[in-house]
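These notes concern the structure reproduced below.
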Amino acid sequence: MTGFPAGPTGSGVPDRAGFLPGADGATPPAPGDLALPVAGRRVLTGPDGRFPGVGELPAVTDWVPVGTLDGKPAWAADLDEADAERLSGRWRSWPSLAAELPEPLATLAGRALGVVTWRRTHRWCGACRTELADVPGETARRCPGCDLYLPMRLSAAVLVAITRPGPAGRPDELLLVRHSYGPTELWALVAGFVEAGETLEAAVHREVGEEVGLALDRVAYFGSQPWAMSGPATLLTGFTATAADPSAEPVLDERELAQARWFPVDALPAELPPAYSISRWLIDATATAGRR
């Protein structure tokens, strides 16, 4: 990926080279392997904010492989509240983890949450109601009754930083919106989920047309980020674009948005998305480019 400002690690492009998703459960967990117990939508960390080893926790029989971090296997487990209360440490939401931990650890936590949530909500076959069985070596389940195959699927979403030239001698302007749901105080980017049969670029044009009524030029891919707040397996894909008509003003879809405004890139509001999000990376990169 290119074009990112400094991410949570401060090293430029957020580096996921240390984390590799995986589903190899052929060998049972070793005491030194990483453990990510999950209770509801929270993950357990130790007092230092890092993930404990499997051997540091009471016996858990249902460990699920989620990948490796710097070659060390990582395992997740789905615990009920009673079991969770017996473990010492901090139970933390993914936003809390992502705001404080280096990016590979935040991605690992998101993967653990996603896999556990998916398994919890995909226990029974939707075709014949038989209990599903794990497919060895895959993040997938298969029905023993009708052979229905259910891999863990991604939900792709797009978000786009739309700019237009500012007045003569002034920096470019960036379109920011406030949604009518979720964190309504934030100024964010136009975003939405990709529909079946649609390319990412087509989704950008459709979402922008639906939400703010603008046509776009020069749609360009920026980068992507796994996102653990919008569902079990959401992948955010970021784009930049320019308004086809620089004089056009946004026309709101009031079911989705409460406000939409053009902001000079040197006078952006303080209420922006968090620093660990691709939305913020896009906004910061666009602001930097627009001031040149």
Side-chain angles (χ1 to χ4, degrees), residues 4-11 13-16 18-19 21 33-54 56-57 60 63-64 66-67 69-70 72 74-121 155 157 159 178-179 181-189 191 223-236 238 270-284:
F4 286 106
T9 59
S11 58
V13 176
D15 182 9
R16 279 189 285 277
F19 167 67
D33 291 351
L34 293 174
L36 290 90
V38 174
R41 295 289 295 162
R42 299 172 299 149
V43 179
L44 181 71
T45 62
D48 61 355
R50 300 297 175 118
F51 304 121
V54 169
E56 299 174 48
L57 301 176
V60 175
W63 288 111
V64 179
V66 291
L69 185 67
D70 296 328
K72 180 179 290 188
W75 303 79
D78 190 7
L79 304 183
D80 60 28
E81 290 298 328
D83 289 333
E85 289 177 2
R86 300 190 186 100
L87 301 182
S88 60
R90 287 180 64 192
W91 287 99
R92 303 171 66 185
S93 68
W94 186 78
S96 169
L97 290 168
E100 296 180 19
L101 295 184
E103 199 278 337
L105 294 176
T107 301
L108 173 58
R111 163 81 173 170
L113 279 166
V115 169
V116 165
T117 303
W118 175 79
R119 287 171 58 86
R120 188 188 299 145
T121 56
S155 298
L159 62 166
R178 274 181 163 155
H179 289 90
Y181 56 87
T184 55
E185 76 283 359
L186 294 181
W187 287 99
L189 301 175
S224 62
Q225 181 187 29
W227 192 246
M229 288 177 62
S230 305
T234 299
L235 181 67
L236 300 182
E271 303 84 5
L272 294 174
Y276 56 81
S277 68
I278 190 174
S279 182
R280 183 60 173 271
W281 305 339
L282 259 169
I283 290 170
D284 290 347

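No hydrogens, no waters, no symmetry mates; every other heavy atom, side chains included, goes into these values. FYI, the numbering just counts along the sequence from 1.
The closest side-chain heavy-atom distance from L189 to I283 is below 4.5 Å.
One N or O on the side chain of W281 and one on the backbone of A275 form a donor-acceptor pair closer than 3.5 Å. T184 contributes no side-chain N or O that, together with a main-chain N or O of Y181, makes up a donor-acceptor pair within less than 3.5 Å. Looking only at distances, no side-chain donor or acceptor of R280 sits under 3.5 Å from a matching main-chain atom of P274.
Atom CD of E103 sits about 12.5 Å away from atom OH of Y276, to the nearest 0.5 Å. One finds the CG atom of D78 at 10.0 Å from the CG atom of L113 (value rounded to the nearest 0.5 Å). Atoms OG1 and CG, on T107 and L101 in that order, are 10.5 Å from each other to the nearest 0.5 Å. From R41, atom CZ reaches atom OG of S93 across 9.5 Å, with rounding to the nearest 0.5 Å. Rounding to the nearest 0.5 Å gives a distance of 9.5 Å between CG of L108 and CZ of R111. Separating the CG atom in L186 from the NE2 atom in H179 is a distance of 10.0 Å, to the nearest 0.5 Å.
Between V66 and A76, the closest heavy-atom pair is CG1-CB, 3.8 Å. For F51 against A109, the heavy-atom pair with the smallest separation is CZ-CB, 3.9 Å. Among all heavy-atom pairs drawn from L235 and S224, the shortest one is CD1-CB, 4.2 Å. Residues G46 and P52 come closest through the heavy atom pair N-CD, 4.3 Å. Scanning both residues, R90 and S96, for their nearest heavy atoms gives NH2-OG, 4.5 Å. For the residue pair E185 and E271, the shortest heavy atom distance occurs at O-CB, 3.4 Å.
Here A77 pairs with V60, W63, L79 under the side chain to side chain contact (heavy atoms under 4.5 Å, CB included) rule; sequence neighbours left out.
Around CZ of R120, the count of heavy atoms belonging to other residues, nucleotides or ligands within 6.0 Å exceeds 12.
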